[in-house]
Asks: 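Sending over a structure as structure tokens; questions will come in a sec.
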Amino acid sequence: MPEGHTLHRLARLHQKLFARRPVGVSSPQGRFAESAALLDGAVLTRAEAHGKHLFHRYGRDRVVHVHLGLYGTFVEHPLPAPEPVGQLRMRLVGETHYADLRGPTACELITPAEARALRARLGEDPLRPDAEPERVWERVSRSRSPLATLLMDQKVLAGVGNVYRAELLFRHGLDPQLPGRELDRATWDAMWADLVVLMRDGVRRNRIDTVAPEHDPRRRGQAARRDRHGGEVYVYRRAGLPCLVCGTGVRHREHAARNLFWCPACQPSRG
DNA sequence: ATTGTATGTCCAA
DNA sequence: TGGACCTACAATG
């Protein structure tokens, strides 16, 4: 589901299935119809992602910007494409496959300048080779905001969502409330390196897995509990269940209108 | 069949 | 700060 790894996976797939060839573009639902008509039959030059944003470039002056939001979906299948059913915002039809976009927060035709401006507002994306983690450290190490806030701030880190946030804090034994300025450099470096590995793994496997083999309940004779995100996790959505490392009950609270999960024993507060 | 909930973001009040 | 967005899936009956 849509954290950064999902968008990078889609970008890679769309590049492979549609790029360098003309694509049919339509909007059966109608909300993207005017733009779709302008693009229909154009060559999709390139598909790429930055954080949770997906960009389809058509030649030199047109870009389709997609943000899935909370429940947007993109599905790709071999041709032939069936008759559209329900609210289908955008359909791409290539030479071998079609792709259907439903329920996105954003699907809009913009200029390359607008795309650049949008990306300029985004933070560093652990999945992009051009990411500059030093810029993240500059922000984090000067901030009084809690790590739980900073990790989800797309102007700081692009692509990290609620699952990666909770799991990263757990894996590094960090209290979600710890102010960024109290984080030490070595821990930050380890966190960034970990994000790169975890999120690349997420792209590859199309799910978020964060549990080390030695903590995997399936290896301990316990029932595997895959959650809706599809993978194995330490704390995300495990409120009240025993911590996979120490057995303490996993805690849950609302933090800035989002669900936050942590183990109070493995992630102790300093105060 | 129906209800509840979610991995995100924006905007009006 | 609460609602809108309006999909997919799990849980419930």
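Below, chains carry the letters A, B, ... as their sequence lines are ordered, and counting in each starts from 1.
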Asks: Is there any protein nitrogen or oxygen under 3.5 Å from a nitrogen or oxygen in nucleotides 9-13 of chain B, and what are the pairs?
Replies:
residue : atom : partner : partner atom : Å
B:dT9   : OP1  : A:His67 : NE2          : 3.2
B:dT9   : OP2  : A:Lys52 : NZ           : 3.2

Asks: Considering just the side-chain nitrogens and oxygens of A:Asn162, establish if one lies under 4.0 Å of OP1 or OP2 belonging to B:dA6.
Replies: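 No, A:Asn162 has no side-chain N/O under 4.0 Å of OP1/OP2 on B:dA6.
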Asks: Between P on C:dC5 and CD on A:Glu108, what's the gap in Å once rounded to a whole number?
Replies: 17 Å
Asks: Can you name the ring-ring contact (aromatic ring centres under 6.0 Å, His included) partners of A:His65, sequence neighbours left out?
Replies: A:His53, A:Phe55
Asks: Quick one about A:Tyr234 and A:His215 (side-chain donor to acceptor, distance below 3.5 Å, no hydrogens or angles considered), yes or no?
Replies: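 Yes, because at least one side-chain N or O of A:His215 sits under 3.5 Å from a partner of the opposite role on A:Tyr234.
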Asks: Residues in ring-ring contact (aromatic ring centres under 6.0 Å, His included) with A:Phe32, at least two apart?
Replies: none
Asks: What residue pairs, at least two apart or across chains, pass side chain to side chain donor-acceptor pair (under 3.5 Å) with a residue in residues 117-128 of chain A?
Replies: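 Non-adjacent pairs meeting side chain to side chain donor-acceptor pair (under 3.5 Å): A:His8-A:Asp125, A:Glu48-A:Arg128, A:His50-A:Arg119, A:Glu124-A:Arg135, A:Arg128-A:Asp130.
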Asks: What's the gap between B:dT5 and C:dG13 when it is taken at their P atoms, as a whole Å value?
Replies: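 Roughly 13 Å separates the two P atoms.
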Asks: Consider the side chain of A:Asn259, meaning its heavy atoms from C-beta on, and name the nucleotide among B:dT5, B:dT7, C:dT7 that approaches it most closely.
Replies: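 Of the candidates, B:dT7 comes closest.
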Asks: Have a look at A:Arg165 and say if it touches a base, only the backbone sugar-phosphate, or nothing, with a 4.0 Å heavy-atom cut-off.
Replies: nothing
Asks: Run the side-chain contact (heavy atoms from CB on, under 4.5 Å) test against A:Pro129 and tell me which residues pass, sequence neighbours left out.
Replies: none
Asks: According to side-chain contact (heavy atoms from CB on, under 4.5 Å), who are the partners of A:Glu254, at least two apart in sequence or on a separate chain?
Replies: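 Scan of A:Glu254 (side-chain contact (heavy atoms from CB on, under 4.5 Å), adjacent residues dropped) gives A:Asn259.
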Asks: Rounded to whole Å, how long is the line connecting atom CZ of A:Arg102 with atom P of B:dG8?
Replies: 22 Å
